[in-house]
Protein chains: 2
Amino acid sequence: MKDIARHAGVSQSAVSFALNGRPGVSEDTRERVRRVAEDLGWRPSTAARALSGEGAATVGFVLARPADTLGVDSFFLQLVSGIQEVLAERHLGLLFQVVEDVSDECAVYRRWWAEHRVDGVLVVDPRTDDPRPDLLDELGLPAVVIGGAPDDRHPGLSTVWADDAGAMASVVEGLYALGHRRIAHIAGLPGLAHTERRIRTLRAEAGRRDLTEVRSVTTDYSDTEAAAVTRRVLEGAAPPTALIYDNDVMAVAGAGAATELGFSVPADVSVVSWEDSALCRMVKPWLSALSRDSAEFGRTAARELIALLDGGSARAVGVPVPRLVERGSTGVARGA
Amino acid sequence: MKDIARHAGVSQSAVSFALNGRPGVSEDTRERVRRVAEDLGWRPSTAARALSGEGAATVGFVLARPADTLGVDSFFLQLVSGIQEVLAERHLGLLFQVVEDVSDECAVYRRWWAEHRVDGVLVVDPRTDDPRPDLLDELGLPAVVIGGAPDDRHPGLSTVWADDAGAMASVVEGLYALGHRRIAHIAGLPGLAHTERRIRTLRAEAGRRDLTEVRSVTTDYSDTEAAAVTRRVLEGAAPPTALIYDNDVMAVAGAGAATELGFSVPADVSVVSWEDSALCRMVKPWLSALSRDSAEFGRTAARELIALLDGGSARAVGVPVPRLVERGSTGVARGA
DNA sequence: ATTAGTGACTAATGCGCATTAGACGACCGG
DNA sequence: CCGGTCGTCTAATGCGCATTAGTCACTAAT
């Protein structure tokens with residue numbers, strides 16, 4: 001800026017005013033300064049900006065996953081891609097970190113905030129009994145929870161929520177209409193909020209319809225565990241006629257396991273994947289799946305965080321209910 | 001630090017010396033200051049540190065991909081996970097950005113560097129005729145190229161390279177030994193350096209062995225294009241008896257397409273995937289795949305970048321040659 | 001003709017840290 | 001007894017920017 005000031009024949013303050021759209025300089029000077037800055041290829045130093053109270057121009061994103069669990073998951077990359085799209089417009093950076101577990105994640109938040117590294121964070125995989133919202137509240141670190149519940153909002157946190165309950169209800173309704181009475185739900189990690197939500201909704205829907213042979217089994221989202229659970233479930237007496245998997249990887253693995261066991265899909269068992277991706281079209285039959293726009297999910301979350309940073313107040317916004325894309329893996333229940 | 005100084009009864013400079021391990025304070029004072037800092041939960045402001053010449057304590061990572069191409073790709077997440085592991089030890093942040101194409105990527109580098117946002121960057125997907133190395137050299141931005149060639153190193157850039165040539169040679173040798181004489185290589189994006197390297201090596205290896213019916217076809221890495229190309233290749237006269245796919249997604253899609261066409265895997269065609277992941281064990285038969293440790297790839301790259309930031313000079317380091325994991329999709333060529 | 005007011009600009013300060021240039025006493029050899 | 005050296009500490013400066021408090025000339029109003 002000193003250079004610019006010299007070249008333009010004004011003071012540094014004038015340059016600052018000109019470049020930041022502040023009053024105090026004539027339009028003439030402003031334009032001249034702008035051109036000089038352009039010529040010199042000047043960009044404000046984020047460090048200096050941050051130091052003089054403007055914030056870090058960065059938001060944080062922590063993924064708490066054991067390294068080997070980061071598998072064939074299209075969700076996060078798409079989510080991040082959507083987040084970026086919105087952040088980029090405002091020239092906000094995304095500081096990304098992968099850690100082992102939630103307590104590490106909390107430590108990262110503490111550090112980032114203490115170091116003034118971020119202005120806000122995006123939190124994923126909310127859990128039942130989650131320490132993070134309290135921590136973020138305590139720190140006063142602006143945050144939006146991705147995939148939380150619409151109700152349990154903490155004072156300072158925004159939430160972007162997907163209607164798992166509604167989606168589960170519609171899936172159950174569809175299967176019921178096809179004559180399915182015995183349904184197994186191969187769920188994800190037990191601690192996650194959306195896992196519990198889906199399980200609760202399934203139970204509630206089953207109750208409403210008098211379905212007694214409905215159950216949920218939690219897993220670690222892996223293909224191997226999904227296959228194992230599928231085998232166990234199908235080998236029991238009165239096996240289910242429909243299987244709902246909490247992600248695409250498990251659905252594919254499960255469908256494979258079922259086939260190996262001699263169950264034909266969808267003649268003997270219907271399969272639904274709670275996540276749509278190319279994977280679902282890589283097996284025969286193609287898997288019916290709940291399709292949601294993960295990138296849009298990310299965009300919405302990013303927009304909410306920006307609103308928070310701009311001084312807006314916390315709120316909860318929903319994203320569209322996932323839509324069930326019927327493919328070849330769902331059909332009328334045997335004997336119905 | 002002012003607070004710490006007050007609490008400890010010393011000057012700010014003394015605090016700085018104490019906390020940074022600089023000489024100029026007694027061990028006694030140092031320890032006292034450390035404890036006070038600990039009690040106060042002090043963390044240095046990265047902004048202030050950066051401003052006083054210490055660098056941003058951050059490295060950048062740009063992924064240039066059209067948003068919809070970010071699919072079921074386990075490679076990047078694992079790579080990033082490995083990178084993080086090493087960066088975290090040094091408390092270096094990872095600034096992550098997704099952009100549309102390489103020219104956007106260059107713009108991001110320019111901006112990051114001008115804004116002093118990063119101390120260095122990790123570059124992926126090097127291309128033939130790539131503008132990035134020149135740009136980075138020109139800017140003087142420390143960088144390591146992930147997946148480059150061992151030779152074409154620019155003065156200032158380190159390279160972490162995988163021995164595609166060696167891997168391709170061993171795959172061809174294996175297939176040759178099984179009696180395969182007609183091989184098709186369903187490659188990735190034409191512009192990418194490693195795509196070209198694999199294609200060149202395949203051609204060379206074919207030449208050495210007098211295999212005349214060997215070819216490579218470039219694609220966009222998608223399952224749909226892989227399936228289409230597979231069909232085109234297999235429906236021709238004298239179809240290949242072995243197919244090499246440049247990633248796991250294509251291999252699975254291609255194997256599926258082959259099966260639909262009435263080709264049995266591996267009786268009629270052998271299939272090799274140049275990327276191992278859970279995907280390869282989700283189809284029947286399981287796919288033989290070149291397995292490499294993507295996380296280790298990332299760790300190595302991160303270590304190289306840190307060495308560069310520490311003032312080390314640029315160099316090229318290799319990672320272990322991928323190993324072919326033989327599963328059910330490769331076998332003796334029909335008629336051999 | 002004096003004052004109040006306004007627009008355009010400059011000087012000075014602070015953000016939180018690292019670092020350089022001293023200040024001051026203790027210790028040592030001559 | 002004195003100059004020199006070392007160890008321990010403090011004061012002062014700068015990093016690049018935003019911002020606040022002036023400064024100055026010029027115009028409108030009394």
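Reminder, nothing fancy here: chain letters follow the sequence lines and each chain counts from 1.
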Electrostatic pair A:R49:B:E115 at N-O distance under 4.0 angstrom: no

When rounded to whole Å, the CG to P distance for the pair A:L51 and C:dT13 reads 18 Å

Quick one about B:T58 and A:R117 (side-chain donor to acceptor, distance below 3.5 Å, no hydrogens or angles considered), yes or no? yes

Spacing between A:L40 atom CG and D:dG16 atom P, to the nearest angstrom: 14 Å

Angle separating the five-pair end axes of the helix from C:dA1-D:dT30 to C:dG30-D:dC1, nearest 10°, is 60°

Does a salt bridge link B:R90 with B:D310, judged by any charged N lying under 4.0 Å from a carboxylate O? yes

What is the distance, to the nearest angstrom, from the CG atom on B:D28 to the P atom on D:dG7? 16 Å

Expressed in angstrom and rounded to an integer, what is the separation of A:D3 atom CG from D:dG16 atom P? 10 Å

Rounded distance (Å) that lies between atom C1' of C:dG16 and atom NE2 of A:H116: 9 Å

Report yes or no: do B:S26 and B:T29 form a side-chain donor-acceptor pair below 3.5 Å? yes

Does any N or O in the side chain of B:W112 come within less than 3.5 Å of the main-chain N or O of B:G60, such that one atom is a donor and the other an acceptor? no

Does the pair B:R32/B:E27 count as a salt bridge with the N-to-O cut at 4.0 Å? no

Atom-to-atom span, CG of A:N20 to P of D:dA18 - whole angstrom: 4 Å

Separation of D:dC15 C1' from A:M1 CE (nearest whole Å): 13 Å

Output the rounded distance in Å from CD (A:E54) to C1' (C:dG16). 16 Å

Can you pull every protein N or O that's under 3.5 Å from an N or O on nucleotides 5-12 of chain C?
unit_1	atom_1	unit_2	atom_2	d
C:dC9	OP1	A:T29	OG1	2.9
C:dC9	OP2	A:S26	N	2.7
C:dC9	OP2	A:S26	OG	3.2
C:dC9	OP2	A:T29	OG1	3.1
C:dT10	OP1	A:S11	N	3.3
C:dT10	OP2	A:S11	N	2.7
C:dT10	OP2	A:S11	OG	2.7
C:dA11	N7	A:S13	OG	3.2
C:dA11	N6	A:S13	OG	2.8

B:R49 side chain near C:dG16 phosphate (N/O to OP1/OP2, under 4.0 Å): no

In plain terms, say whether B:R65 and B:D101 are close enough for a salt bridge, that is, a side-chain N and a carboxylate O under 4.0 Å apart. no

Heavy atoms of B:D104 and B:E100 approach each other most closely as OD2-CB, 3.7 Å

For A:S16, answer base if it contacts any base atom (sugar-phosphate contacts may also be present), sugar-phosphate if it contacts only those atoms, and nothing otherwise; contact means non-hydrogen atoms under 4.0 Å. base

When you check the phosphate oxygens OP1 and OP2 of D:dA18, does a side-chain N or O of A:R22 lie under 4.0 Å from one of them? no

Are OP1 or OP2 of C:dC17 and a side-chain N or O of B:W42 less than 4.0 angstrom apart? yes

When you check the gap from the basic side-chain N to the acidic O, do B:E38 and B:R35 get nearer than 4.0 Å? no

